[in-house]
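Remarks on the structure that follows.
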There are 2 protein chains.
Amino acid sequence: MSKKGARRHASGGLTMADLAQLAGVSKITVSRALGNSPLVNAQTRERIQALAREHDYKLNISARNLRLRRSHTVAVIVEMKPSTDRTMFDPYPLVLLGGISQELTAAGYSVLLTTRQGASAAAVQAADGLILLGQGAHQDAVRRFDKLNLPMVVWGAPSASDTHVVVGSDNRLGGAVVARHFIALGRRRPVFIGNPSHPEIFERLNGFIDALAVRGIKPLLMRRDEFTVDSGMDAVRSLHQRKVGFDAIFACNDLLAMGAIRATLDLGRSVPADVSVVGYDDMPLAASFLPPLSSVRQDWQEGGMLLARKVLALIEGEPAKPESLPVSLIVRAT
Amino acid sequence: MSKKGARRHASGGLTMADLAQLAGVSKITVSRALGNSPLVNAQTRERIQALAREHDYKLNISARNLRLRRSHTVAVIVEMKPSTDRTMFDPYPLVLLGGISQELTAAGYSVLLTTRQGASAAAVQAADGLILLGQGAHQDAVRRFDKLNLPMVVWGAPSASDTHVVVGSDNRLGGAVVARHFIALGRRRPVFIGNPSHPEIFERLNGFIDALAVRGIKPLLMRRDEFTVDSGMDAVRSLHQRKVGFDAIFACNDLLAMGAIRATLDLGRSVPADVSVVGYDDMPLAASFLPPLSSVRQDWQEGGMLLARKVLALIEGEPAKPESLPVSLIVRAT
DNA sequence: GCAGCAATTGTTATCGGTATCTTGATACCG
DNA sequence: CGGTATCAAGATACCGATAACAATTGCTGC
């Protein structure tokens, strides 16, 4: 029992020393064999690997991490507060996560998922890099994690004071594309529904405004904090009550757009004959909505993969530049 | 530069030995002070903690993990293949993750997110426990992770051969509740739309069938593999073409239900006068749908928290029992 | 026959913490 | 005043891997 060779560690497996003894070699040879190092004889390697499989040997990651000073782990910090706000409860952040995860896994890294609140949970420091998600990544959060001195990439909209790498879809372009669409349709009185206090939404609004300004058109901003169908309906009803005329609606999210359409129809006006509507995100339901919703599509999966690639580059000591992903307007019936 | 006291580790911080030297004490005293151990003098503790703050000292988690043989990490393994299937691209798994994360963080644990495919990425072994998500958690996956000998909890439907702890919502009850609802409405020819090869869906179907059998009613199964609006429409059209009569539809997901409703209306039949429809998941959009959709709600957040609590219990060496979460039928206009 | 080199394997130190066992100092007690 | 209890802090070993350097062997070439 107390014989050294028979000792087992917490997870019930053998230690590398045990395996070495079984194979009649030294630890380092085992280490090399398992790492496919060219420094060991091919036969020895085979033999040791077979032995490892046979005994179901598992490398102790903690020990390896300590020695190598790398955890092969990237911490992803998400906004996850359960509010009616645009948060993790959308399906999209998950797709983003999927992209991140896919790319990191392929590179042999793992994802440490953390919420902003719980991010104090020490483990984050052990990560080799950081990805910060969540709406536009509030500056205070960015600053907080900056102090960890880790390679960091942020999903959001680039802001003036950025020292770190920001990746996001081109929200300004998104706004502009919709504006040009409206102009092409001859619309004159467009409305923007959304909450521009989120950097990403702010960019969409600005792109929208600027592209409309070319034709001397000034959109009306209907500020709505919730990204829900109800909120969209409410916005349109409110316009109607205030007797404000409009012939086009750009909602900064598909649910808002759906609500806006429904309310517009309720008021007896036609979509798209009287009012054009464009949403944002092109959620799966958009195509199935009645009428099928036009929407701006951003490629979340690709965004996640890009985020991952950037951190990996930074971790490897290579430079990484901020980048915006293209978006595309999917024109359907509205 | 080569002075010992000035050495810094990878992340640029001080080592505990450095801090000890600065404070004029030994490493172990620093360790105790930072760990709020009663074995150090209160003054010394204060002094050391202040010093640590001042120098922005960060504990090396890897070293600690190695020594303590615990990582305070739980691996969450999700199904994330990008298919049209019911997968991580639903918003719900994320809520589940939210619940898990919240509970684990509160207990000082972190979440290591992994996909099934990438789960070979060694890091999983370093976890103290395992949570397996994904549709009903295929048995082969379960078996694979079982070999890691870690405390493991699975989200899904309990199956006969389970040696591990399974937590899930009570799908059988979900099916039964809908059946009773239809019975109360006097429906005689119900249809079930979905893919019963997923254990969870299988349970819903069985609950549905059994509860209907009480009244001698036998539902029709419309097997559909995709959980989309289109798929739901297709199912109803197919029923119509085959001239199969029906007066109630239980779709095992809200999107299917929405599609079914739309197709039913297209065929000139009324919902709910001619046909009752109930969906599953009660997604946010269900209430805003026209007509507002009746649906079975499961509490994902709570589910996640429960999963977390179970693994934590197992990790602490306490027993944990399988558990089913109640579901509730939200009756709206359909 | 021996320097020189390549191919293998081993020895020792080290990553940065924490558990265990000891030691030193002070207080308390009869 | 000797002996013990109590508190504070240190010395040492150790967790399980890998890097750097050293050592062994066999073979080549002159």
Side-chain angles (χ1 to χ4, degrees), chain A residues 2 4-48 52 55 57-72 122-123 125-126 128, chain B residues 2 4-49 51-52 55 57-72 122-123 125-126 128:
Chain A
S2 66
K4 208 171 178 197
R7 205 186 42 234
R8 308 173 141 257
H9 67 241
S11 52
L14 285 71
T15 209
M16 193 174 258
D18 298 336
L19 201 59
Q21 199 177 29
L22 286 170
V25 298
S26 69
K27 295 197 297 179
I28 189 67
T29 301
V30 174
S31 174
R32 286 172 181 147
L34 297 181
N36 284 320
S37 157
L39 290 176
V40 282
N41 181 305
Q43 287 182 0
T44 322
R45 171 168 50 224
E46 292 295 327
R47 190 164 57 86
I48 294 179
H55 290 275
Y57 166 76
K58 294 183 196 76
L59 190 89
N60 183 318
I61 305 293
S62 300
R64 182 224 202 80
N65 287 349
L66 172 58
R67 180 66 237 234
L68 297 182
R69 293 164 146 170
R70 291 189 84 177
S71 59
H72 288 274
Q125 312 165 0
D128 295 337
Chain B
S2 65
K4 209 170 178 199
R7 207 187 40 235
R8 306 172 145 258
H9 67 241
S11 51
L14 285 71
T15 210
M16 194 174 258
D18 298 335
L19 200 59
Q21 199 178 29
L22 285 171
V25 296
S26 69
K27 296 197 297 178
I28 188 65
T29 301
V30 175
S31 174
R32 286 171 181 147
L34 297 181
N36 284 319
S37 156
L39 289 176
V40 283
N41 181 304
Q43 288 182 0
T44 322
R45 171 167 48 224
E46 292 295 328
R47 190 164 57 85
I48 294 179
Q49 290 187 349
L51 207 59
H55 291 275
Y57 167 76
K58 294 183 198 75
L59 191 89
N60 183 319
I61 306 292
S62 301
R64 181 223 202 83
N65 287 349
L66 172 57
R67 179 68 237 231
L68 297 183
R69 294 165 145 167
R70 292 189 81 176
S71 59
H72 288 276
Q125 312 165 0
D128 294 337

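The chains referred to below are lettered A, B, ... by the order of the sequence lines, with proteins before strands, and numbering in each begins at 1.
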Quiz item: When you measure from the side chain of A:Tyr57, which nucleotide among C:dT18, D:dA17, D:dG10 comes out closest?
Solution: D:dA17
Practice problem: Report yes if a side-chain nitrogen or oxygen of B:Thr29 is closer than 4.0 Å to either non-bridging phosphate oxygen (OP1 or OP2) of D:dA8; otherwise report no. | Solution: no
Self-check item: Min side-chain heavy-atom separation A:Val40-A:Thr29 under 4.5 Å
Solution: yes
Quiz item: Can you tell me how far CG of B:Leu59 sits from CD of A:Gln125, rounded to the nearest 0.5 angstrom?
Solution: 7.5 Å
Exercise. Could you work out which one of C:dT11, C:dG16, D:dG16 sits closest to the side chain of A:Arg69?
Key: C:dG16
Quiz prompt | B:Arg67 CZ - D:dC15 C1' separation (whole Å) | solution = 6 Å
Exercise. Find the distance A:Lys27:NZ to D:dG16:C1' and express it as a whole number of Å.
Key: 6 Å
Quiz item: Is the shortest heavy-atom distance from the side chain of A:Ser62 to the side chain of A:Asn65 under 4.5 Å?
Solution: no
Self-check item: B:Ile28 side-chain proximity, nearest of D:dT18, D:dG16, C:dT20
Solution: C:dT20
Quiz item: Rounded to whole angstroms, how far apart are CG on A:Leu14 and P on D:dA17?
Solution: 10 Å
Self-check item: B:Arg32 side chain near B:Thr44 side chain, heavy-atom distance below 4.5 Å
Solution: no
Quiz item: How close or far is atom P of D:dT18 from atom CG of B:Leu66, stated in whole angstroms?
Solution: 12 Å
Exercise. Report the nucleotide, chosen from D:dA19, C:dC15, D:dG10, that has the shortest atom-to-atom distance to any side-chain atom of A:Leu68.
Key: D:dA19
Quiz prompt | Close side-chain approach of A:Tyr57 and A:Leu34, heavy atoms under 4.5 Å | solution = yes
Self-check item: Separation of atom NE2 in A:His72 from atom P in D:dA17, rounded to whole Å
Solution: 15 Å
Quiz item: When you measure from the side chain of A:Thr15, which nucleotide among C:dG17, C:dT18, D:dG16 comes out closest?
Solution: D:dG16
Quiz item: Going by number, which of residues 30-42 of chain A have a non-hydrogen atom under 4.0 Å from DNA chain D?
Solution: A:Ser31, A:Arg32
Quiz item: Is B:Arg47 close to B:Val25 at the side-chain level, that is, under 4.5 Å between some pair of heavy atoms?
Solution: yes
Self-check item: d(CE, A:Met16; C1', C:dG10) in whole Å
Solution: 15 Å
Practice problem: Starting at CD of A:Glu46, measure out to CG of A:Asn41 and round the result to the nearest 0.5 Å. | Solution: 10.0 Å
Quiz item: Expressed in angstrom and rounded to an integer, what is the separation of B:Ile61 atom CD1 from D:dG16 atom C1'?
Solution: 18 Å
Exercise. Could you check how far CD of B:Gln43 sits from P of D:dC7, rounded to whole Å?
Key: 16 Å
Practice problem: Give one of base, sugar-phosphate or nothing for B:Ser62, where a contact means two heavy atoms less than 4.0 Å apart. | Solution: nothing
Practice problem: Tell which nucleotide pairs with C:dG30, taking only Watson-Crick or G-U wobble pairs whose two distances are both under 3.5 angstrom. | Solution: D:dC1
